[in-house]
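Data block below; observations after.
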Number of protein chains: 2
Amino acid sequence: MNGTLHDDRIAVGGDAKQRYYDGRGYGRPIGGNEIELSRVEAAHLLFRGDLEAVVTDTGATLSFKSFFTQSARTDSGFAQRFLVYADLRDRGFYLSPALDGWPGEDTNEAVDFTVYPRGKGPTDTAVKYRITVVGERKPIPAAELAGLVLAVVDEESELTYLESAEPSFDGSSLYDPETTIEGALIGDRVICWDAPEHVYETGFYGQPLSGRAAIIDGAIQLSLVEAAGLASIDRLTLTDITDSDDSYDAIVARGREVEGDRFDRRLTVYQTLRSNGVVPKTGFKFGADFRTYNNVESVSNLPHSEHLIRVVSPEHAFDPKELSLDVRLAGGVRKRMVFALTGANETITWLSVSRLTP
Amino acid sequence: MNGTLHDDRIAVGGDAKQRYYDGRGYGRPIGGNEIELSRVEAAHLLFRGDLEAVVTDTGATLSFKSFFTQSARTDSGFAQRFLVYADLRDRGFYLSPALDGWPGEDTNEAVDFTVYPRGKGPTDTAVKYRITVVGERKPIPAAELAGLVLAVVDEESELTYLESAEPSFDGSSLYDPETTIEGALIGDRVICWDAPEHVYETGFYGQPLSGRAAIIDGAIQLSLVEAAGLASIDRLTLTDITDSDDSYDAIVARGREVEGDRFDRRLTVYQTLRSNGVVPKTGFKFGADFRTYNNVESVSNLPHSEHLIRVVSPEHAFDPKELSLDVRLAGGVRKRMVFALTGANETITWLSVSRLTP
């Protein structure tokens, strides 16, 4: 059977509706038994040998090879979309292009394909994945990612699926020191020479100033976000500054000095997590801003940390390779990668991204 | 016993040479039994209680706490160097500051400490590690890293040691297609509709254009670096361009179009590896430019890939957090992280970085 190409759509007659659409989820009906196919769908049917050729307006007869080449040369995203379409078909899914008026239609412009649950097709209403196809060189605005599956085609045409969702934190670590401790602002950290043991042991604030050979009893070092967090709830004052508001200001000023605007964004995230019962600690060893613990009862009995958090600005665009790096690393250490999108002192949009095998 | 502070050096008399220098590798002799200590060394002796106090020019007597605070406030790197010094001492090493005229003296300005092998000290000549101490917020010029151990102090005062060395590749994959194949430049890849099977199966060039359900026999997709690599050795011409030099130029032009200067740098690295018998394939899933195989006999019997490679410019400065991320990920997948420093068409400086537990 042949299709007829006109305006980027391929019309197929005969028993096409029954054969391709009803039976296998290709195209959309356009009256009677006729259907029209998008270029990607037509290419896939040619590829499988289920369609013999596509005939153009000028009467040329195109095989898979020539149709594929022509399509890829007129539409720079075609080859990538074809690879993803074919892969999802191979995995046993029916899917439709998310074009206006098509069964896969989606309000989000970034969506390329709507994938139905296994065993379902375009005549059902259920949606399994909403897919955005990108090449590895194309930055993706963070704000566009929510609820989508990103299908990244790398330079060697291998596919990586990344699913983004809203993370749920389930924090129960609502520790309060219940006393105001005193610290000295020294460089880019705060040293408390005489903090109650529970500040570290139960609250998991700071790090003891100790080695294997010696301990200065009660001395802990706080990071600047930890110190600002404690000062903001009136639990820390700086040496020589008895007012906690002034102490907070002094710590934040130091934070901006060493880190610029990023400090405010990171502090917003730190405080939000703490106030939700989640304990953020440095994620440096994982290349992230924070690793987080939902339930800290004591440091000597520390649970596995659940999330890695990277703080980015709301305008951030992900480089797919960096995203792949973050997500791969998080998966390797059994944590979920979360991005906190925020400007200074603004609300936070949370986005978790994980690898998906469709 | 007390020390006397003058010009950032702490002189200690009595039996100090025997007690601190000969016996435990602190300081340097300055005549008779007297030694002088750097601030970090003196702070460590105070911290351990092995020195009682440091007396200043003005007669003030400083304990560990006041001496530490004073030192950290006059020298922004002091607290970080102290943490690293104390950690290495805890791990059983003797080490000296790398100051001119001191036992740890080093020609590289970036070195902070010279660490001796366990059981050795400043009177021996052997060196175990040359340590550079940095905070997590300080970028490190790539060119300075070779042969050093980077001790990164993160914001919570935890330490990460990263060792850099020259990697050795031991490649034996000297495949040559021995025929010129033809490909079509389509977008950011080249499709060869009719390549001999061994191009992929033995040479590990490209990726078959196939799915589980169908295969176009002999069709492979090449990345632009793979295609340029094959064209550069006269093994690929583009459809409609029969001269391989012109084909090479056309592929490189497309590479620059989609990737800018980075394409030339990546191509230099790709070609150098191939000509050394090492097979580079995309490192996208690991967030790197390439993963490499030393010995590919056939794709169906592929060995573990040994290295992850990131291509950076010679002027690149590493953000310690990004470096930590790369090295951590590579370690997690049992590969070594390698940075290839190169401008376009220039020589390459190779730098492998791995995590170290001293």
Side-chain angles (χ1 to χ4, degrees), chain A residues 47-49 64-65 68-69 72-73 76 78-80 86-87 89-91 135-137 152 154-158 160 184 186-189 191 193 206-207 209 211-214 216 219 221-226 258-259 281-282 284-288 320-326 328-329 332-333, chain B residues 47-49 64-65 68-69 72-73 76 78-80 86-87 89-91 135-137 152 154-158 160 184 186-189 191 193 206-207 209 211-214 216 219 221-226 258-259 281-282 284-288 320-326 328-329 332-333:
Chain A
F47 177 64
R48 291 180 54 96
F64 168 70
K65 198 168 130 177
F68 181 93
T69 305
R73 286 200 165 140
S76 65
F78 174 83
Q80 293 166 359
D87 183 64
R89 279 269 169 191
D90 279 351
R91 292 173 185 276
E136 70 161 278
R137 300 182 179 97
V152 187
D154 68 31
E155 62 175 333
E156 286 176 11
S157 309
E158 291 196 16
T160 302
I186 297 180
D188 57 359
R189 53 210 78 216
I191 297 189
W193 294 107
Q207 157 104 329
L209 181 62
R212 290 177 211 167
I216 305 282
Q221 315 166 66
L222 299 169
S223 72
L224 291 173
V225 280
E226 289 179 318
V258 297
E259 224 176 270
K281 294 294 282 186
T282 175
F284 178 80
K285 283 185 201 297
F286 309 107
K321 196 183 276 175
E322 286 169 16
L323 192 58
S324 173
L325 178 57
D326 276 339
R328 174 81 190 217
L329 185 131
V333 295
Chain B
F47 177 64
R48 290 181 54 95
F64 168 70
K65 197 168 131 177
F68 181 94
T69 305
R73 286 198 164 144
S76 65
F78 174 83
Q80 292 167 359
D87 183 64
R89 279 268 170 193
D90 279 351
R91 291 173 185 274
E136 69 163 279
R137 300 182 179 99
V152 187
D154 69 29
E155 63 176 331
E156 285 176 13
S157 309
E158 290 193 17
T160 302
I186 297 178
D188 57 359
R189 55 208 78 216
I191 298 189
W193 294 107
Q207 158 105 328
L209 180 63
R212 291 178 211 167
I216 305 282
Q221 314 166 66
L222 299 169
S223 72
L224 292 174
V225 281
E226 290 179 317
V258 297
E259 222 175 271
K281 294 295 281 184
T282 176
F284 178 79
K285 283 186 202 295
F286 309 106
K321 196 184 276 174
E322 286 168 17
L323 191 58
S324 174
L325 178 57
D326 276 340
R328 175 81 189 215
L329 184 130
V333 293

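Labels below follow one simple rule: chain letters A, B, ... track the order of the sequence lines, proteins then strands, and each chain is numbered from 1.
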When heavy-atom pairs shorter than 4.5 Å are enumerated against chain A, which of B:Asp154, B:Asp188, B:Val258 gives the highest number?
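So the answer, after comparing B:Asp154, B:Asp188, B:Val258, is B:Asp154.
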Would a distance-only check, ignoring hydrogens and angles, find a side-chain to backbone donor-acceptor pair under 3.5 Å from A:Ser324 to B:Phe284?
yes
Between A:Leu209 and B:Phe64, which heavy-atom pair has the shortest distance, and what is it?
CD2-CE2, 4.2 Å
Please state whether the side chain, the backbone, both or neither of [X] comes within less than 4.5 Å of a heavy atom of chain B.
X	answer
A:Phe78	neither
A:Ile191	side chain
A:Glu158	both
A:Arg328	both

With a 4.5 Å cut-off on side-chain heavy atoms, are B:Glu156 and A:Glu226 touching?
yes
Determine the option with the most heavy-atom pairs under 4.5 angstrom with chain B, choosing from [options].
options	answer
A:Arg89, A:Arg189, A:Gln80	A:Arg189
A:Val333, A:Leu329, A:Leu222	A:Leu329
A:Glu322, A:Glu136, A:Gln221, A:Glu155	A:Glu155
A:Ala288, A:Gly49, A:Gly332	A:Ala288

What residues form a side-chain contact (heavy atoms from CB on, under 4.5 Å) with B:Thr69, not counting sequence neighbours?
A:Ile186, A:Trp193, B:Arg73
Counting only heavy atoms closer than 4.5 Å, note whether B:Ser76 contacts chain A via side chain, backbone, both or neither.
neither
